[in-house]
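Accompanying notes for the structure given below.
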Amino acid sequence: MKNRLQGLFTVFVIAVMILSLIHINEVKDAIVKSIENCITGIVPSLFLSSVLSVVLIKCSGTLKPKRISKVNYGLFLAFLLGNICGYPIGTKILSELVKDNTITSKEAEKATCFSFASGPAYILGIVSTAVFHAKLLGFTAFLSIFLSNMVLFITYMLRHHPSFADDTACKGVSLTNTVMDTINSSANSMIAICSSIVFFSALIALLPSLNPAVASILEISNITSLQGNGIIFFVLATVLLSFGGLCVHMQIICLAGESFGFKYFYLTRPIQLLLTAAFSSIGYLLVQKYISVETGTTERIEFSSTGSVIPFICVAGMVLIALTYRKSDRM
């Protein structure tokens, strides 16, 4: 059976390689566009959040509110920042907590269930304009996903009662070293994230007639090609945002590395998606009479219209930092 699966996988890879040659122009265009979006959109929106959130986790032991002393503050921040900053940030935080022995691998694995969300920047800045054509619907979609994750977070806390480890205040390491180490690891993370986006964009280019909803399951940025209206369309789009796409799943698995697995993440996905569908249905019914739908459709969302080369220079510097960091790790 194993040999048969390996044979099928080999045939699949060869078929993809042949298709990539047949559709070479489409693949090149998709790769160029995905790299542009990473440089002008993904990296600027995630890199700073990645650095600051991890620094906050490592050095915030003295800032822990006394009222939640019985709750693991690290898990609370992973939940909060994971839902506010974007898909990979929650996993990045949990991975750092495991490396610092603040939480166990099992706790991190369960915490991924409620620390995974697209974040308001993408939903309110891109999706609400390109897909919903109404800011209020964008906010409703974000709130629906946040509430579904909050239900899972509260359920986890009530069942497990994890306690906070008090030794997380920078671990005796200077703030400068902590920031620099975090910048280096975040640069590596950005490269992994953008590489997976480029890869999935190239795969999707091989199927130009692919339905936007199906393409969004593979790579979530394709959701901007969805067009429709009504409660069913809104719920579908919100659930797709909550799912995140297989590309993002690959990103978080890469970021977690050997720190923890994702068994509980996938076991709870159906529950989380059902909760999202329920909250988004209720939310749509509550706000539909206040919606002023904008006319016309948005063909293309520009992440940057300045034409500046500064983002490219910054990303090149980030790549250099990452490569230096990897080299120093091996020495």
Report the C-alpha distance between H249 and F116 in whole Å, list the side-chain angles of each, state the deciding distance to 0.1 Å, and finish with yes or no for ring-ring contact (aromatic ring centres under 6.0 Å, His included).
CA-CA 10 Å; H249 292 196; F116 180 83; 5.6 Å; yes
Would S95 and L255 satisfy side chain to side chain contact (heavy atoms under 4.5 Å, CB included), going step by step from the backbone distance to the final call?
CA-CA 7 Å; S95 178; L255 291 179; 5.9 Å; no
Which is it for F132 and T238 under the side chain to side chain contact (heavy atoms under 4.5 Å, CB included) test, yes or no, and what are the steps along the way?
CA-CA 10 Å; F132 300 136; T238 305; 4.2 Å; yes
With side chain to side chain contact (heavy atoms under 4.5 Å, CB included) as the test, would you mind laying out the steps for T129 and K135 before giving the verdict?
CA-CA 7 Å; T129 300; K135 292 289 185 181; 3.9 Å; yes
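Here the closest heavy-atom approach between residue I291 and residue A134 is recorded as CG2-CB, 3.8 Å. Between L94 and A108, the closest heavy-atom pair is CD1-O, 3.7 Å. Closest heavy-atom contact between A141 and F234: N-CZ, 3.7 Å.
If you take CZ on F243 and OG on S216, they are separated by 11.0 Å, rounding to the nearest 0.5 Å. Rounding to the nearest 0.5 angstrom, the gap separating the CG atom in L77 from the OG atom in S115 is 10.0 Å. Once rounded to the nearest 0.5 Å, the distance linking CG of L241 with CD1 of I123 reads 5.0 Å. How far CG of N211 is from CG of L226: 7.5 Å, rounded to the nearest 0.5 Å. If you take CD1 on I154 and CE on M150, they are separated by 5.0 Å, rounding to the nearest 0.5 Å. Rounded to the nearest 0.5 angstrom, C113 SG and R269 CZ are separated by 7.0 Å.
Note on L274 and L152: separate hydrophobic clusters, where clusters join Ile, Leu, Val, Met, Phe, Trp and Tyr whose side-chain heavy atoms are under 4.5 Å apart, directly or indirectly. L267 and L275 fall into different hydrophobic clusters, defined by Ile, Leu, Val, Met, Phe, Trp and Tyr side-chain heavy atoms under 4.5 Å apart, directly or through other members. Both I232 and L273 are assigned to one and the same hydrophobic cluster, defined by single-linkage of ILVMFWY side chains at heavy-atom distances under 4.5 Å. In terms of hydrophobic clustering, with Ile, Leu, Val, Met, Phe, Trp and Tyr side chains grouped at heavy-atom distances under 4.5 Å, I191 and V32 are assigned to different clusters. Both L143 and I231 are members of a single hydrophobic cluster when ILVMFWY side chains are connected at heavy-atom separations under 4.5 Å.
The aromatic ring centres of Y266 and Y264 sit 6.0 Å or more apart. Taking the six-membered ring wherever Trp is involved, the centroid distance between the rings of F79 and F146 falls below 6.0 Å.
With S105 contributing its side chain and S259 its backbone, the two residues share a donor-acceptor pair below 3.5 Å. Formation of a donor-acceptor pair under 3.5 Å by the T268 side chain with backbone atoms of I271 is not found in this model. At distances below 3.5 Å, at least one donor-acceptor pair connects side-chain atoms of N83 with backbone N or O atoms of F114. The closest donor-acceptor contact from the side chain of Q251 to the backbone of S196 lies at 3.5 Å or more, if one exists at all.
No more than 12 heavy atoms of other residues, nucleotides or ligands lie within 6.0 Å of CZ in F199, so this atom counts as exposed by the packing criterion. Heavy atoms from other residues, nucleotides or ligands lying under 6.0 Å from CD1 of I24 number more than 12.
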Report, one line per pair, each donor and acceptor closer than 3.5 Å where one atom sits in a side chain of residues 277-287; sequence neighbours left out.
{"residue": "S280", "atom": "OG", "partner": "T276", "partner atom": "O", "Å": "2.8"}
{"residue": "S280", "atom": "OG", "partner": "A277", "partner atom": "O", "Å": "3.0"}
{"residue": "S281", "atom": "OG", "partner": "A277", "partner atom": "O", "Å": "2.7"}

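Side-chain contact, S242 with Q272: a donor N or O sits under 3.5 Å from an acceptor N or O.
Residue pairs satisfying the salt bridge (Lys or Arg N to Asp or Glu O under 4.0 Å) criterion with at least one member in residues 74-94, sequence neighbours excluded, are listed as follows: K92-E96.
Between F262 and F260, the angle of the ring planes lies from 30° to 60°, which puts this pair in the tilted group.
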